[in-house]
Amino acid sequence: MDRLNMTRRQLLATASIGAMSTLSQGVPTYGDNTKKAGKLAILGGDPVRKNKSWPDWPYRDQKVIDSLMKTVQSGNWCRIDTPSGTVTAFEKEYAALMGAKFCVATGSGTQALHTCVEAMGIGPGDEVITSPYTDPGTIASILSARALPVLADLDTASYQLDPDDVEKKINENTRAIMPVHMMGQPCHMERFMQIAKNHTLRIIEDACQAHLAEYQGKKLGTIGDVGCFSFQTSKTLACGEGGGIIGNDEVLMDQCYTVHNHGTSRRGRTEVIGPKYRMNELEAAVLLGQLSGVQERFARRNRNAARLTARLKDIPCLVPQKLYEGTTAGSFYLYAMSYKKEHCNGVDRNVFLKALSAEGVALSPYIKQGLHKEPWIDNIIKTKVYTKMFSDSRLRLFKDQCQCPGCDQVCHEMAMIWASGPLLGTESDMDDIADAIEKVYDNRDQLLSL
Ligand SMILES: *Cc1c(COP(=O)(O)O)cnc(C)c1O
């Protein structure tokens, strides 16, 4: 289960490769076309970007430090120490920011998702349909409830769960759909809401990457029954490890509180099965200290992404993520593109990315393979709770249906820039990215010798 953690380290490396490759000579110039011509850095030429670092991440300023110190000194480190602590304050502010009535903060995005699954009474014998192209936490939340995560394939242009394939995988045991808003951009929520209505299913939005994104004018996470967010270090709002559930259904959100509080309700009675997933006051203090600037940083990432998209429109081998109609505001956790080798003289993606990295701009392939290719599938179908709750033929079909050619294609073509920190850069940082890509593309013939 360490696959995405690895990826996160690579994400951080992505930022630092950019910084490292800048350790050599010279004062950089901008918007200068001559530097794009000539020898690629991978072959000994002069790199496009040098002596420059990307914006530091996680974001922190004096306000964050003050907020944390105040909580440290208060001695109230746990939410039950005080009714007016930072966790309660954060829940209120985050709900308001997201246009939701309620929020329950948790220790991680995975915990938020698992809390929702339990609060909906989904358990052994039940099925939840989700994406293979996601953080392992998505399916861990379903497996932790001993329900069956059924994987549907992707729309290869948007990298999102394909509503048509989801519909094909619904059966009498299906209880919920968990659409994952990958890269911070919306899934086709109109279709998912319609499917849920037709089949009486719940919708748990995995919006762990999608803080502040909007679909048809509504914030992601407020369209389905509940929406879950992650505040893990790499995410666009971060406190190390943290998570949150938002929703408008008071009864369901109250149940989420109970579940996440070891089954103990706000009324103080221990009522149901529940893990202990409370956010602590120090984490909430770190989050509260940065909330006032979150919208400004979100807007900056969006401006920078738009600049990149405009600059890259004539590079045929890099196709930016498709956004669905109804995307009123994207959020950029990753700026993601599909690398089309056929539009780059057949140069392999990894060779193209290596050449780019040598220019001082590192793009990453992100998730190497989908969750449909990980060993959990073979393991759970031999596990007692699954063999007791599902028929042999169901488990065989489940395994047979773990074929996701669309996801395989996305994994094979992905080339992305981590957005949380790097997309907070200046316009000239964005121009470096575009200049480096243009240079490698324009000189692609040189790569054929590699
Ligand atoms: C990060 C992430 C999660 C899990 O969140 P954690 O806080 O790391 O537990 C789940 N789903 C997606 C899409 C994520 O990006």
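Remember, it's 1-based here, ligands and their atoms both numbered in the order they're listed. The shown structure was predicted, so the numbers you read here are calculated from the model rather than taken from an experiment.
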Which of the numbered atoms in ligand 1 are below 4.0 angstrom from a heavy atom of Cys208? 2 (C), 3 (C), 10 (C), 11 (N), 12 (C), 14 (C)
For ligand 1, which is the ligand I care about here, please tell me if Asp206 has any N or O atom under 3.5 Å from one of the ligand's N or O atoms. yes
Using a strict 4.0 Å cut-off to heavy atoms of Gln232, name the atoms of ligand 1 that fall inside it. 7 (O), 8 (O)
Here the atoms of ligand 1 under 4.0 Å from any heavy atom belonging to Ser108 are 7 (O), 9 (O)
Establish, yes or no, whether the cationic atom of Lys235 lies under 6.0 Å from the six-membered ring centre of Phe229 and within 45° of the ring axis. no
Report yes if some N/O of Gln209 lies less than 3.5 Å from some N/O of ligand 1; otherwise report no. yes
Tell me yes or no: between the side chains of Asn304 and Tyr335, is some donor less than 3.5 Å from an acceptor? no
For Arg394, side chain to side chain contact (heavy atoms under 4.5 Å, CB included) partners two or more places apart: Glu127, Leu148, Val150, Asn171, Phe390, Ser391, Leu397, Phe398, Gln401
Six-ring centre of Tyr386, Arg146 cation under 6.0 angstrom, axis tolerance 45°: no
Mind checking whether Ser230 has an N or O less than 3.5 Å away from an N or O of ligand 1? yes
I'd like to check which ligand 1 atoms, numbered from 1 as shown, lie under 4.0 Å from a non-hydrogen atom of Val180. 13 (C)
N or O pair under 3.5 Å between Lys235 and ligand 1: yes
Is the shortest side-chain heavy-atom distance between Ile139 and Leu151 below 4.5 Å? yes
Below 6.0 angstrom between ring centroids: does that apply to Phe298 and His211? no
Considering distance alone, does some N or O of Tyr333 sit under 3.5 Å from an N or O of ligand 1? no
Please could you name the atoms of ligand 1 that Gly242 approaches to less than 4.0 Å, counting only its heavy atoms? 7 (O)
A student checking ligand 1 against Thr138 at a 4.0 Å heavy-atom cut-off should list atoms 10 (C), 11 (N)
In terms of side-chain heavy atoms, does Arg79 have a donor or acceptor partner in Asn280 at a distance below 3.5 Å? no
Can you name the atoms of ligand 1, numbered from 1 with element, that are less than 4.0 Å from a heavy atom of Gly109? 5 (O), 6 (P), 7 (O), 9 (O)
Tyr94/Phe231 aromatic ring centres below 6.0 Å: yes
